[in-house]
Protein chains: 2
Amino acid sequence: MAVDKKAHIMNHAIALFADRGFEGTSIRELAHEANVNVAMVNYYFGSKEKLVEAIIDEKAAYMKDRLEELEANERLTEIEKIDRLIEDYVTRILAGASFHKFLYKELMDTKREDIQEFLTNSFARNAKSVASIIEKGIQKKIFKAVDPALTVASIIGSISHVMMSKRYCNKLLQKPETNEPYTDDEFRIRLINHIQNMMHSHLLAVSDKS
Amino acid sequence: MAVDKKAHIMNHAIALFADRGFEGTSIRELAHEANVNVAMVNYYFGSKEKLVEAIIDEKAAYMKDRLEELEANERLTEIEKIDRLIEDYVTRILAGASFHKFLYKELMDTKREDIQEFLTNSFARNAKSVASIIEKGIQKKIFKAVDPALTVASIIGSISHVMMSKRYCNKLLQKPETNEPYTDDEFRIRLINHIQNMMHSHLLAVSDKS
DNA sequence: TTGAGTTAATCAAACGTTTGTTTGATATTT
DNA sequence: AAATATCAAACAAACGTTTGATTAACTCAA
């Protein structure tokens, strides 16, 4: 019973924090949106700060698991790994669009230092995994001698940039305001194809048209 | 006299907003940082909201000018335009790191709708200019048939991603915490080279090693 | 099965802070 | 002497949080 309600509050909190920011969201607003009493947030989480920590904690572990598994997989070539990773990232980030936006905002905020430190480590660790795959590809002379760290930044940055705001994304794609890019499978595939193609050109010595 | 002090307050506001967010920054904090009385912000700008509008208004015009000039320039090939644009973007965004972070945050925030609408239009118009250059390159068969809109997202996203936070950027590059990437010319050149190389591979039919 | 006793959950109301803003007096400049 | 700039102090509103009463859910001997 308690777990369900906690999750219920957390889900509404994620959506609100992503939209309006941490400081921009009041407990009263959250309580109203989630249809619970204002006291419930402090009852279940202790404080607004701990609520945000609970949200991050819950999702943090899940992130790196798939990545480390992929890095260790010996049956895939480096470019196959990169391709899978791009598909994975795009799909997961689109599925949790508001959560990703929320993380991004927290990462840019220096006010709550412990949270930023924690998130930075989490993000950087993931980036390191991807960079390792690229480095291995370079060692094997399958990849060109690109900048691994900045290549990672380009992959994640490409995705994150279109996730900034639905309104901006639609304007960029010249779609009507009513378009819902983050739940549209056509856009998902378009984004995956673009980044994969770009990375093929960027990484592979000989352009590989597939 | 009044203009100087207004600019003085605005500069400190930009730095604080970028760090701590709009709602995360109090007038008292800003006043203390800028060494002015708390009443001065409202005296000069009317309100905190109008202060943020003044900041955006001031810088908005400057952005698109260089871009439209570049687009119209007939003495440059499309790839030369892209190269210049990348150098321009990186240099300008690094120079105004905290301002760019501030804009990014505002763009993601749906609370102050008019500001978001205004910023979205400003960003999207710039993106459209760049996309036009890419489209012309495709028409001329100088460029491959890439996705113009998403290619723009990759260029700007690559830069923006490393601008998220100094701490994250240093971890990504495996530099010590004390490193100052946003004022380090070596990093500026490294970032320009990476994006230019990536775009050369991505856009040009035949890889052009320079 | 019952029902008294214990714990957990919910709520409206109030608490102390902090917020952006305004005021009215004082200083400075023109 | 008129206009502009600065200031400490006070203002109302909103904030996160706590309280104490009330209700629901669960426990387990009789």
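FYI, side chains are in, hydrogens and waters are out, and symmetry mates aren't considered; it's all heavy atoms of this structure. Just so it is clear: chains get the letters A, B, ... in the order the sequence lines come, proteins before strands, and each one is counted from 1.
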[X] side-chain N/O to [N] phosphate OP1/OP2 under 4.0 Å:
X: A:Tyr43; N: C:dC11; answer: no
X: A:Lys48; N: D:dC15; answer: no
X: B:Asn37; N: D:dA8; answer: yes

If I take atom [atom1] in residue [X] and atom [atom2] in nucleotide [N], what distance separates them, rounded to the nearest angstrom?
X: B:Asn35; N: D:dT6; atom1: CG; atom2: P; result: 12 Å
X: B:Glu23; N: C:dT18; atom1: CD; atom2: C1'; result: 14 Å
X: B:Leu51; N: C:dT19; atom1: CG; atom2: C1'; result: 15 Å
X: B:His32; N: C:dT19; atom1: NE2; atom2: C1'; result: 18 Å
X: A:Glu29; N: D:dG16; atom1: CD; atom2: P; result: 9 Å
X: B:Phe17; N: C:dG20; atom1: CZ; atom2: C1'; result: 12 Å
X: A:Ile27; N: C:dC15; atom1: CD1; atom2: C1'; result: 16 Å
X: A:Lys5; N: D:dA25; atom1: NZ; atom2: P; result: 11 Å

Ignoring the backbone of [X], work out which of [options] is nearest its side chain.
X: B:Val38; options: C:dT10, D:dA9, D:dT6; value: D:dA9
X: B:Asn42; options: C:dT23, C:dT21, D:dT19; value: C:dT21
X: A:Arg28; options: D:dT6, C:dT21, D:dT17; value: D:dT17
X: A:Met40; options: D:dA5, C:dC11, D:dC15; value: C:dC11

Q. Do A:His200 and A:Ile79 touch side chain to side chain, with heavy atoms closer than 4.5 Å?
A.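 Of all side-chain heavy-atom pairs linking A:Ile79 with A:His200, at least one is under 4.5 Å.
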Q.
When you compare the side chain of A:Arg188 with that of A:Val90, does any pair of heavy atoms fall below 4.5 Å?
A.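 Yes - at least one pair of side-chain heavy atoms lies under 4.5 Å apart.
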Q: Decide whether a cation-pi geometry holds between A:Lys59 and A:Phe99; the criteria are a distance under 6.0 Å from NZ or CZ to the six-membered ring centre and an angle within 45° of the ring axis.
A: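 The answer is yes; both the distance and angle limits are met.
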Q) Any cation-pi pair here, B:Arg125 with B:Phe123, using under 6.0 Å and within 45°? A)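 Not flagged: B:Arg125 not positioned over aromatic ring of B:Phe123.
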(Q) Taking the nucleotide of DNA chain D with the nearest heavy atom to each, does A:Ala39 or A:Gly24 sit closer to the 5' end? (A)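 The residue closer to the strand's 5' end, by nearest nucleotide, is A:Gly24.
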**Q.** With A:Lys171 via side chain to side chain contact (heavy atoms under 4.5 Å, CB included) - residues at least two apart
**A.**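 By the side chain to side chain contact (heavy atoms under 4.5 Å, CB included) rule, A:Lys171 matches A:Arg167, A:Glu177, B:Glu117, B:Thr120, B:Asn121, B:Ala124.
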